[in-house]
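Scroll down for the structure; my scribbles are underneath it.
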Amino acid sequence: MQIVFIGLPGAGKGTQAARIVEEYGIRHLSTGDMFRAAVAEGTPLGLKAKTFMDQGQLVPDDVTIGIVRETLAKPEYRKGFLLDGFPRTVPQAEALDDILASLSLALDHVIYLEVSRETLVERLTGRRVCRKCGASYHVAFRPPARAGVCDLCGGELYQRSDDSAETVGKRLDVNLRQVDALLDYYETKGLVRRVNGEAPIDEVYRQIQDVLRGRPQ
Ligand code: ADP
Ligand code: AMP
């Protein structure tokens with residue numbers, strides 16, 4: 001199963017992805033997580049990505065496409081994967097089609113998590129992420145059992161630097177333009193399934209399961 005999640009920052013892609021990959025035994029590929037890991041390790045990729053991420057801008061397509069191409073070629077991705085945060089531009093979507101064709105694969109589902117801007121700002125500024133396992137929490141909507149501590153692995157929770165009130169607006173503007181173009185790209189292929197991402201986490205998950213099981217919505 002090959003799935004793409006489309007949604008603005010804060011739409012709930014990472015939250016839902018964690019549950020889906022566990023249920024279906026497929027790989028979760030988040031380009032944002034990969035870039036953050038590279039920044040934390042201070043690798044050449046991290047150094048390249050950091051300036052763009054800090055400013056809420058997209059990392060250039062050639063860099064992003066390169067790491068996805070390398071990752072998807074790995075044998076552990078043959079059982080299926082969920083792409084979260086990639087593609088984010090039409091050139092990335094075109095490159096993904098090439099990558100999939102070279103691997104004799106095709107996309108099964110493109111799921112669009114629809115959420116209003118007002119909700120996104122609230123979600124992003126209240127998001128807390130586990131430094132160790134990457135699990136996503138929210139101070140009000142999904143608080144951990146113990147403040148500042150990950151329920152899953154006991155890791156420390158932190159606020160992403162690009163989730164600051166100053167950067168969030170910029171990120172939403174940058175991504176908004178791209179999402180419409182991406183949706184057009186996949187609409188013409190008849191692949192887009194819209195999910196109401198405003199609903200509570202469990203309800204969003206049920207809607208996604210309906211899509212994956214081919215049930216009419
Ligand atoms: P994305 O990966 O799309 O950027 P996340 O999955 O990290 O988004 O979610 C952003 C924030 O919103 C997190 O703090 C998360 O706990 C919270 N969140 C995710 N889905 C929902 C939901 N359906 N209702 C309320 N809060 C949510
Ligand atoms: P995310 O974790 O998806 O919110 O991504 C965090 C940041 O990583 C973004 O603001 C971008 O700077 C960068 N990034 C992640 N995925 C991509 C992508 N597909 N194309 C370009 N930049 C990306």
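Whatever order the structure lists them in is the order used to number ligands and atoms, beginning at 1. Small disclaimer: the values here were computed from a predicted structure and weren't measured.
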Under 4.0 Å from a heavy atom of Phe141: which atoms of ligand 1 are those, numbered in the order shown and with their elements? 25 (C), 26 (N)
Quick test: of every protein heavy atom, which one is nearest to atom 20 (N) of ligand 2, and how far off is it to 0.1 Å? Gln92 NE2, 2.9 Å
Out of Val204, Ile208, Asp202, which residue meets the side-chain contact (heavy atoms from CB on, under 4.5 Å) rule with Arg206? Asp202
At a non-hydrogen distance cut-off of under 4.0 Å, which region of Thr64 contacts ligand 2 (side chain, backbone, both, or neither)? side chain
The single option from Val59, Asn175, Val179 that satisfies side-chain contact (heavy atoms from CB on, under 4.5 Å) with Arg88 is Asn175
Going by the atom numbers of ligand 2, which of them fall below 4.0 Å from some non-hydrogen atom of Gly85? 16 (N), 17 (C), 18 (C), 19 (N)
Kindly confirm or rule out an N or O of Arg142 lying under 3.5 angstrom from an N or O of ligand 1. no
How close does the nearest protein non-hydrogen atom get to atom 22 (N) of ligand 2, and which residue and atom is it? Val59 N, 3.0 Å
Counting heavy atoms only, which of Ser136, Pro144, Gly7 is nearest atom 13 (C) of ligand 1? Ser136
Protein heavy-atom partner closest to atom 9 (C) of ligand 2 - residue, atom, separation in Å: Arg88 NH2, 4.1 Å
Backbone or side chain, does any N or O of Thr31 fall under 3.5 Å from an N or O of ligand 2? yes
Regarding ligand 2, does Phe86 bring an N or O atom to under 3.5 Å of one of the ligand's N or O atoms? no
Please work out which of the three classes, parallel, tilted or perpendicular, describes the rings of Phe81 and Tyr77, given edges at 30° and 60°. tilted
May I ask you to identify the nearest protein heavy atom to atom 23 (C) of ligand 2, giving residue, atom name and distance to one decimal place in Å? Phe35 CE1, 3.7 Å
So the atoms of ligand 1 within less than 4.0 Å of a heavy atom of Tyr137 turn out to be 13 (C), 14 (O), 16 (O)
Please report whether ligand 1 has a polar contact with Glu198, defined as an N or O pair separated by less than 3.5 Å (distance criterion only). no
Atom 7 (C) of ligand 2: nearest protein contact (heavy atom, Å): Met53 CE, 3.9 Å
Nearest-contact summary for atom 4 (O) of ligand 2 - protein heavy atom, Å: Arg160 NH2, 3.1 Å
Mind checking whether Gln16 has an N or O less than 3.5 Å away from an N or O of ligand 1? no
Provide the number and element of each atom of ligand 1 under 4.0 Å from a heavy atom of Gly14. 1 (P), 2 (O), 6 (O)
Looking at Ala11, which atoms of ligand 1 are within less than 4.0 Å of one of its heavy atoms? 3 (O), 8 (O)
What atoms of ligand 1 come within less than 4.0 Å of a heavy atom belonging to His138? 14 (O), 16 (O)
